[in-house]
Amino acid sequence: MIDSFRNIFAIPDLRKRVIFTFALLAVYRIGAFIPIPGVDPVAIQEFTTAAQGTVLGFLNLFSGGALGRMTVFALGIMPYISASIILQLLTVVWPYLEKLSKEGELGRRKITQYTRYGTVVLSVIQAMGISFFLERTTAPGGAPLVPEDLQGWGFRLMTVLTLTTGTAFVMWLGEQITERGIGNGISLIIFAGIVVGLPSAIINTITDVRTGSLSIITIAILLIFMIAVV
């Protein structure tokens, strides 16, 4: 393993690929802190804190906290993954896509292009849903997530444009990492989003154990599930 780390700095091409990968992952993390126009950051933070442990908190984990902060990368890479799964399922039932999948590199490129189109469509639908959700939701303290004077179709269209563009950019980052970096770019982006929340998750777990909010039995069960998954 030590030799492998040495090779990263000894082999010029490998060193460039590693640096390129980390640079694009850094860009992804920066985008996870830029809020979409029109939202109240304080109210969003209050709402996210109250939503921890719910489905929203789970989805926020995969976006690296971007969903909880309602940033330009709030949708993350999930629309791309959903589009990929849909295309794979359609390949089985749609003769045209099945034929494309058997045409080698040219067919795979067309399917990839269709996946990109599907990603944009899903992003638009999800972003519109998020815009309506933000307008109709208030923080636990009663403050609206979007100030009333900013609500309306202007905010909704801006949210759709911002989130769809953000997802398209994240998708592009993943493809660039795959082509010019190391490993699968999409997987690395998901991994980076999860790992960034690991330190705080460990601290919170230790705190819950000390305060009695989390029992040893619960931790043991979680560890068993983790080992089973691995």
Testing the basics here: between [X] and [Y], what is the closest heavy-atom pair and its distance to 0.1 Å?
| X | Y | result |
| --- | --- | --- |
| L25 | A192 | CD2-CB, 4.2 Å |
| P147 | G38 | CD-O, 3.2 Å |
| A127 | T164 | CB-OG1, 4.4 Å |
| A83 | G118 | CB-C, 3.8 Å |
| T178 | G185 | OG1-N, 2.8 Å |
| P95 | V93 | CD-O, 3.5 Å |

How long is the gap from [atom1] on [X] to [atom2] on [Y], to the nearest 0.5 Å?
| X | Y | atom1 | atom2 | value |
| --- | --- | --- | --- | --- |
| T115 | R109 | OG1 | CZ | 14.5 Å |
| S82 | I125 | OG | CD1 | 11.0 Å |
| L134 | L150 | CG | CG | 12.0 Å |
| L90 | L97 | CG | CG | 6.0 Å |
| F47 | T137 | CZ | OG1 | 5.5 Å |
| M171 | Y80 | CE | OH | 7.5 Å |

So with a 6.0 Å cut-off around [atom1] of [X], is the heavy-atom count from everything else above 12?
| X | atom1 | value |
| --- | --- | --- |
| Y117 | OH | no |
| M158 | CE | no |
| F22 | CZ | no |
| Q113 | CD | yes |

Yes or no on side chain to side chain contact (heavy atoms under 4.5 Å, CB included) for L145 and D40, after CA distance, side-chain angles and deciding distance?
CA-CA 5 Å; L145 301 186; D40 184 348; 6.0 Å; no

Could you please spell out the steps behind the side chain to side chain contact (heavy atoms under 4.5 Å, CB included) verdict for L173 and I77?
CA-CA 10 Å; L173 289 177; I77 201 64; over 6 Å; no

How about [X] and [Y]: do any of their side-chain heavy atoms sit closer than 4.5 Å?
| X | Y | answer |
| --- | --- | --- |
| L14 | I182 | yes |
| L188 | L24 | no |
| L100 | T91 | no |
| E135 | R156 | yes |
| R108 | I111 | no |
| F169 | V72 | no |
| E46 | P140 | yes |
| F155 | V39 | yes |

Applying side-chain contact (heavy atoms from CB on, under 4.5 Å) between S131 and each of I36, V146, T159, T162, report the one that passes.
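Considering I36, V146, T159, T162, a side-chain contact (heavy atoms from CB on, under 4.5 Å) with S131 is found only for T159.
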
Determine the interplanar angle of the Y96 and W94 rings, folded into 0 to 90°, and report it as parallel if under 30°, tilted if 30 to 60°, perpendicular if over 60°.
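Answer is tilted, since the angle falls between 30° and 60°.
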
Parallel, tilted or perpendicular: which fits the ring planes of F73 and Y28, with parallel below 30° and perpendicular above 60°?
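Geometry flag for Y28 against F73: parallel rings.
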
Pair E175 + R116, salt bridge at N-O below 4.0 Å:
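Salt bridge flag = yes for R116 with E175.
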
Before you tell me yes or no, could you show the steps for Q126 and L163 under side chain to side chain contact (heavy atoms under 4.5 Å, CB included), namely the whole-Å CA-CA distance, both residues' side-chain angles and the distance that decides it to 0.1 Å?
CA-CA 9 Å; Q126 293 181 20; L163 294 182; over 6 Å; no

Please check: side-chain N/O of R69 versus main-chain N/O of A32, any donor-acceptor pairing under 3.5 Å?
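Pair found, side chain donor or acceptor close to backbone of A32.
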
Is there a side chain to side chain contact (heavy atoms under 4.5 Å, CB included) between I130 and V160 once you walk through the steps?
CA-CA 9 Å; I130 287 178; V160 170; over 6 Å; no

Tell me which donor-acceptor pairs under 3.5 Å the side chains of residues 219-230 have, and how far apart each pair is, sequence neighbours excluded?
none

